[in-house]
Amino acid sequence: MSALGGFGVLANQTVPLGEIPALVLPALGETLIMVGITMAIVVIVGIPLGSIIFNLAPGGLFENRSLHTVLSWVISIGRSLPFLILMAAIIPFTRLITGTNIGIPAAVVPMSIAGIAFFTRIVENSLRSIPPSYARVAKASGASNLQVIRTAQLNEAVPSIIGGLTINTIAMIEYSAIAGTIGAGGIGYVAVTYGYQRFDNTVMGVTIVILVATVAAVQLIGDRLVRFTTPQLRTSSSSSSSSRLKTAVQA
Amino acid sequence: MIGLEQLTKVYGHGADATVVLDHLDFRVEAGEIYAVVGPSGAGKSTLAACVNLLERPTSGSVVVNGDVLSDLSEAQLQVARRRIGTIFQSDGLFARRTAAQNVALPLQYLGVTPGETRRRVAELLDRVGLADRAGHYPHQLSGGQRQRVGIARALALKPTVLLSDEATSGLDPQSTDAIVSLLKELRDDLGLSILFITHEMDTVLQVADSVARLDHGHIVESGRIVDLLQSPESDLGRALRPWRAHTEPETGESAWQLAYAAKSVPTDWITQLAARLGAPVSLLGASIETVNGATVGHATVGLPPIDPQRVVAAADELGLAAQQVSSGIADLERVA
Ligand SMILES: Nc1ncnc2c1ncn2[C@@H]1O[C@H](COP(=O)(O)OP(=O)(O)OP(=O)(O)O)[C@@H](O)[C@H]1O
Ligand SMILES: [Mg+2]
């Protein structure tokens, strides 16, 4: 938003090449803040929620069919609404929480709701791929339910959850662009107001390049983290901590 | 000590209920290794799960060191399980933790301080002979090594009872030997009661003091290994030491099977038997060894035509149970 203040008057004019960085870079910063805050909320809420829904399911640690069904439905509703509609539908709620319906805070609310619904399913699915024998081993070793979830379920699922988190983050970058259309700022807002409404192809091109580069960077970081958290991919034959560190750095 | 009293486990309800364990009764004393054998699907793993109460018995009780586990609440069970070490079928090591971190887990659950945990983990890995593999991840260890890490983890909380479900299954003979001698050593040093579940008869003979055969949820036969081996009518004894193929007797001779059936069979029984019968005894095949300090085994001999009752009586005096295999043609396929 703030980055665009100075350009508001230049309607129907293309942005001079030299001013593009000043327009686009702050917008990129806004996108990263929006996605960053959203993902922090998504992880903090999604990991416990995903663990709970997984363990409420049949075969889980605290199996409860009706509670599982209810929770599952709520999440499915969150997942099934297209983001634009979700965003519009919860405006009263967003207002209640943030006191506004424009700007970054207003975008973070619908993005977090969509992200939590998405990430909860990702966590649940990652936990499903862990052999159920791990939970039995932990229980037989005297673990409480919370300890089982932490050490035998989540910890073993870390690489898979990080893989899912990468996908989720990329989806959130996309949602931030959609949120940009309601005045949340960020790259999406620049793309819409300059590229779409004023046919400024240069700005459009630059925003596309930036979005592609951001997504590629997120994917790259995600892939490295998955490698780093999977012992089979990280260590070859040696296992001394120094050589492990080396492999991690080289990777 | 582990005691089962009328232990019953039923899976499912109503029409599709299956009785997996049917009123089992047995006791494993302190310092005893008790093997449970049985075909696939007999209910062995279910039995193990009932003993450490990962599965609640449908009825009957499980007693460990005098505590009736089946009466405890879930919170009390969490504490009680710490006195039972479990070694799992296919090791159950966590893939994202090193050997040392895997062994440390039960101590972490208990809230032991990091320093004390490190000390105890080092001691345990040393005990199972893997001190130099502490930093290795499970995928960097062999099957036998992984299983030994599993044993170290099972011992972490100083249990008095060890439960082993197919700990040696799928391992090569050397690794099996290493695990078996480790378990015996632990039994001797720590006075553990060990419930050793397996389907490998050879391993039972190496490791156990007593054995029970489980089939369709029933214990069909059980007893001390030596007693079973020395009783010729025992099916389980025969399964533990199968008869091997032997040479055919000379024409005119008939083959006899002689099984060690007493504690004191003279080592020169062939000579003594020949003297008593006044006839030559030719050895066609034999398999004799020492199990838990007692000599057990059986031999197939060829004898000229003699009154069968005289042979049985003479063998009996020497502590051997005699049985005629065939008159003339040896039954090569007689492998029980
Ligand atoms: N959770 C369960 N629900 C229903 N039936 C089960 C369950 N677990 C085991 N069973 C049944 O109980 C029987 C015994 O299974 P169990 O795993 O105890 O056999 P096992 O003797 O350990 O076999 P194996 O040697 O193959 O490991 C099987 O018929 C199996 O189908
Ligand atoms: Mg089994």
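Note that the structure is a prediction, hence the values are computed from the model and not measured. In what follows, chains carry the letters A, B, and so on, assigned in the order in which the sequence lines appear, proteins first and then strands, with residues in each chain numbered from 1.
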If you count the non-hydrogen atoms of other residues, nucleotides and ligands that lie under 6.0 Å from CZ in B:R127, is the total more than 12?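 Counting neighbours around CZ of B:R127, more than 12 heavy atoms of other residues, nucleotides or ligands fall under 6.0 Å, so yes.
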For the CZ atom on A:F62, are there more than 12 heavy atoms of other groups (residues, nucleotides or ligands in this structure) within a distance under 6.0 Å?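 Yes.
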Given the rule in the side-chain contact (heavy atoms from CB on, under 4.5 Å) test, do B:T86 and A:R136 qualify, once you have shown the distances and angles that lead to the verdict? CA-CA 10 Å; B:T86 309; A:R136 295 167 73 81; over 6 Å; no
Contacting region of [X] [heavy-atom separation from chain A under 4.5 Å]:
X      : answer
B:R153 : side chain
B:L105 : side chain
B:Q108 : backbone
B:L77  : neither
B:Q101 : neither
B:F94  : both

Is any side-chain heavy atom of A:T151 less than 4.5 Å from a side-chain heavy atom of B:R97? yes
Do B:E74 and A:N145 come close enough that some side-chain heavy atom pair is under 4.5 Å?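 Counting from C-beta outward, B:E74 and A:N145 never come under 4.5 Å.
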Could you measure the distance from the CZ atom of A:R150 to the OH atom of B:Y109? Nearest 0.5 Å is fine. 8.5 Å
Top of A:S133, A:S141, A:P159 for chain B proximity - count of heavy-atom pairs under 4.5 angstrom: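 Counting heavy-atom pairs under 4.5 Å, the top option is A:S141.
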